[in-house]
Each structure stands twice: as C-alpha cells, then as structure tokens.
Amino acid sequence: MKKCYNCNGNNRSSDKYCRNCGYLLKNDSHYTLINLGIILTSILLLFVISLFAISYFIN
Amino acid sequence: MKCLNKNCDADEIETDDNFCYKCGYRTTKGFTFLNNKENVDIILNGNAAKKDNRFNALISLVFITFIIFFVFCIVRGNDLFKPFFYLKRQLDGLLYGYNVSIIKTNNTYNKLIISDIDDAKEIIKKDMNEQNWKCSNDIETLKYQNGIENKFSIITVNYCDIPSDIAKEATKVINEMYALFPTIGGALTNISITNAKTNSEYIARFEPRYQFVNYSQDINKYNKVNKTQILLNSYYFLNEKLMKNSITDIVKDNWYVKDATWESTIAHEIGHYISFFINLKENGLDNIILVTKENEEKINRVVQEYENGNFAKQLISEALENYNINYEEELNLEEFALTISKYASVKDESGAIIYDETIAEAIHDYYLHGEDCEKSSYEIIKIIKSKL
C-alpha cells in the first residue's frame, strides 16, 4: 500500500499515479531533497552576501 | 476495467478510481469528479501541490544566488575571495604556531613556447602576479615592493604580507646595495618571500638558478627559463615578534660580521648575487633567464663553475695576496677569511672553505661599515669593484 502525499488516498505499491487525485506518486525523499535544497541554497546565498561584505573589511 | 487512454495498457482500474494508476488519465468516474470544483480545489491545495511550488522556489533561489554571485564577482573581482586566504593564513598560523607565506616560489611550467627574453620575463612576472592578489594590501609594503622592482629592473619583488616596517628595512638594504654596486642590475629575476623547508634552514637565500619553465624538455623543441632569485624565509620575515630579538639569539656570537641584523643578511645574499653576476660577466653573459640550444651549454658551464667555487677561490686568493703585501702579513686563506667573520670561513662537508661565503660576508661587512670594514673585506671589495 502506498499513501498519496497529496490527498492521503490509498494506492497499491506498484501504482505510479494516485487513483483518487491523479497526482504523480513521488517518494518522500523527493520532498526531503527539495527542503534540503532550499536550506542549502539559502545558506549559500547568505554566505555569498557575507563574503561580499567581509571582502571590504579584509585588506 | 481498462484505461480510457488508448495508449495505456492498464487493466486493473477499480470502479471507484478517479484516475488511471498507470498514466494518470481520468476514468469515467474521474470525469464527474473533476467537474466538481471543490474536488479540483482539494487537489490543487493538497500537500504535494504545495511542495511542487516549493520546488519552483528552489529553482528561483538557485538562479538568484547565481546571479548575485556573478554580480559580486564583477564588482569585487579576485578581492571577493580574499576572506578565504585571510582565513587560511589564520589557520596556518594556528597550525604551525607562526605565520607562513601564501606565496609559492617553486612552481614550474612545462611545454610552454618561449620565443624570446620578453616571453621569459613575462612568464616569471605572470607566475607572481597570479599569486599577488592573495596577499594583504598593505599600501606601504606595496610601495616599497613596487619601488625597487621598477628602480632596479628586478622582474618581480614579492613582499607578500611582510609587515611594512620590515619591508622598509629590507628595501633600505637593497637600495643601499644597488647604490654601492650600481652596475649589478639585470640578472636578478626575483626577490620573494617563501616558506623554507625548515625554519632554521636560512634567513635569506640566494638561488643562482631555479629551473622554472620546460626544465625537463628537449632544448631542441623548447627554450627554457631560469629564475635567479633571493628568497626571504617567511619564518623570520613574516613574524615580527621573532625579528624584534637580536639576530645573535639564533646564530652563534660573531657568526656574521659585526653589527649584522636580520635585514642586513639580505646584503649578504646580494653579495652572493654579485659574485654570480661577475662570473656571468666574465663569461660574456648578461643573465641566465632564457636558455636556448645555442647558449644552454655555456649557461650550464657557468652555473657549474659558480657552484664548485673555483671562481670565488681565485678571487679570494687574489685578495689575500694583495692583503699580505699591503699589510705585511702572511695569512693563509682560512685565517684571511676568519678576519671577516666565522661565517666567512664556513666549510662544506668535505672540509673545504666555501669561498663564496667569504665574498658574501666581505660585501656584507662593506654594506654595514663602508670603507671602515675589515681590511680583508676591503681588499675583496676592491677586486669586486674592478670586475664590475
């Protein structure tokens, strides 16, 4: 059994699309990766901005 | 039940399914399901739909980060990465317990086409310029560095991270040496800070030939480039606290000539350079920067001659002869060298006096005391001046 992340509908483990809402059944890790990507990119953005600011203070 | 999509072969669709499990196509029930606006809203506001919006946000964030980084690179250039090198210097300081240099003087290049002396000088300059941006921008230090570079036609001078007061003293020594011996320009390619293999290896060091470009290549295919350099050990020149103590704290008493200082050891190294320069001049060479198939043999011979010390021994013997005649003495070579300093009579592993050190110490003495230097030093200086 596979639960749809979108509508919580029940599906068989071999299903590709949700039988209830038609959403593509993705792994939980897919969404974890998106969250992780957003956190890492935000850190990177902050890092780049800090690097720019610090570079003015370092001779 | 079969899927309504002709291209889909799903045949296990249940009667209460809204969508095909295999292709996502709506079923007959799904058609009715989608006609209800409330159902459509539930799908569009479901968890996954929200997550998919976050995926779009991630793509936008990556794009914005890239653009900002690109703009910062344009605005700050290499300076944007200076904090990294600042951090590296601090970490190295913690790791070793003293400041080390970020500059590498032992780079080599291979299979480069070097057509003429200008190409050779350009590659020497480029090697240092590509590292210079990592150094701190101490305006005073840069002023001293660029000053002697331009004044004495030294291809590159690199005082990277040397405190300005030490750079000032080092520059003073170099200026005075070139004033005492104004014709020695042209063969010295680099004066640079470096990390010696061991801290106690040397304070400063003269390297007559560093095989820099195409050293392992066939001379018939590639011209080669040598550097002739004076290296300043970062262990001393980057650590001001250490240099505040007297030089006699690390060397034996009377090892160097009287009144020697940390910076005056540069005069000693320029002394080696002067000895090498005379050797070049007597063999009809201006420098050994560009090595071609026409001059390779000659350059190898001249460097070999300098390194085996025959030239220096001959010069010292001549000075000794004059000394013994002028001052009615009967000194031998070792006694003569000892009148200058202990270092002037230092011996190699085979027990032979290294006469180039005698010459360098005589020049060191002359730099510190002018014509009031030891009489033996002055006899050597008279011969050196006649050969320049």
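Residue numbers start from 1 in every chain, and the chains themselves are labelled A, B, ... in the order their sequence lines are given, proteins ahead of strands. These numbers come from the heavy atoms of this one structure, side chains and all, not from hydrogens, waters or symmetry mates. Everything numeric in this text was worked out from a predicted model, so none of it was measured.
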Can you tell me which of A/Phe57, A/Tyr31, A/Tyr23 forms the most heavy-atom pairs within a distance under 4.5 Å of chain B?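 The candidate making the most pairs under 4.5 Å is A/Tyr23.
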Quick check for you: among A/Asp15, A/Asn8, A/Ile49, which has the greatest number of heavy-atom pairs under 4.5 Å with chain B?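 Among the listed options, the one with the most contacts to chain B is A/Asp15.
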Closest non-hydrogen atom pair, A/Ile38 against B/Arg54: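 It is CD1-O, 3.5 Å.
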Write down the atom of A/Lys16, the atom of B/Lys22, and the distance for their closest heavy-atom approach.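 Where A/Lys16 meets B/Lys22 most closely, the heavy atoms are CD-O, 3.9 Å.
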I'd like to check A/Ile58 versus B/Phe85 (side-chain heavy atoms, cut-off strictly below 4.5 Å). Are they in contact?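 When only atoms from C-beta onward are counted, B/Phe85 and A/Ile58 do not touch, as no gap falls below 4.5 Å.
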State, yes or no, whether a side-chain contact exists between B/Tyr21 and A/Asn11 at a heavy-atom distance under 4.5 Å.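 They are not in contact (no side-chain heavy atoms under 4.5 Å apart), so the answer is no.
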Taking atom [atom1] of [X] and atom [atom2] of [Y], what is their separation to the nearest 0.5 Å?
X       : Y       : atom1 : atom2 : answer
B/Glu12 : A/Ser14 : CD    : OG    : 7.0 Å
B/Asp16 : A/Arg19 : CG    : CZ    : 9.0 Å
A/Cys18 : B/Ile43 : SG    : CD1   : 8.5 Å
B/Ile64 : A/Leu45 : CD1   : CG    : 7.5 Å
B/Thr65 : A/Leu40 : OG1   : CG    : 11.0 Å

Would you say CZ of B/Phe55 has more than 12 non-hydrogen atoms from neighbouring residues, nucleotides or ligands within 6.0 angstrom?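 No, not enclosed.
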Does NZ belonging to B/Lys168 count more than 12 external heavy atoms closer than 6.0 Å?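 No, because the 6.0 Å sphere around NZ of B/Lys168 holds 12 heavy atoms or fewer from other groups.
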Could you have a look at B/Ser136, B/Gly30, B/Pro83 and say which one has the most heavy-atom pairs with chain A under 4.5 angstrom?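 Among the listed options, the one with the most contacts to chain A is B/Pro83.
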Non-hydrogen atoms of chain B under 4.5 Å away: do they reach the side chain of [X], the backbone, both or neither?
X       : result
A/Cys4  : neither
A/Asn35 : side chain
A/Cys21 : both
A/Ser42 : both
A/Asn20 : both

What part of [X] is in contact with chain A, defined as an atom under 4.5 angstrom from a non-hydrogen atom: side chain, backbone, both or neither?
X       : value
B/Phe66 : neither
B/Cys20 : backbone
B/Val40 : neither

Is the shortest distance from a Lys or Arg side-chain nitrogen in B/Glu14 or A/Arg12 to a carboxylate oxygen in the other one below 4.0 Å?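 Salt bridge flag = yes for A/Arg12 with B/Glu14.
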Check the pair B/Phe72 / A/Val48 against side chain to side chain contact (heavy atoms under 4.5 Å, CB included), numbers first and verdict last. CA-CA 8 Å; B/Phe72 286 174; A/Val48 168; 3.5 Å; yes
Evaluation steps, ring-ring contact (aromatic ring centres under 6.0 Å, His included), between A/Tyr17 and B/Phe19: CA-CA 8 Å; A/Tyr17 290 89; B/Phe19 297 91; 9.0 Å; no
Cationic tip of B/Arg76 within the cone over A/Tyr56's six-membered ring, i.e. under 6.0 Å and within 45° of the normal?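 Judged by the rule, B/Arg76 and A/Tyr56 form a cation-pi pair.
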For the pair B/Asn18 (side chain) and A/Gly22 (backbone), establish whether a donor and an acceptor sit closer than 3.5 Å, ignoring hydrogens and angles.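 Such a contact is absent between B/Asn18 side chain and A/Gly22 backbone.
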Should A/Ile54 and B/Tyr86 be marked as a side chain to side chain contact (heavy atoms under 4.5 Å, CB included) after you check the CA-CA gap, both sets of side-chain angles, and the distance that decides it? CA-CA 11 Å; A/Ile54 295 168; B/Tyr86 177 79; over 6 Å; no
Can you label the angle between the B/Phe84 ring and the A/Phe47 ring as parallel, tilted or perpendicular, going by 30° and 60°?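 Geometry flag for A/Phe47 against B/Phe84: tilted rings.
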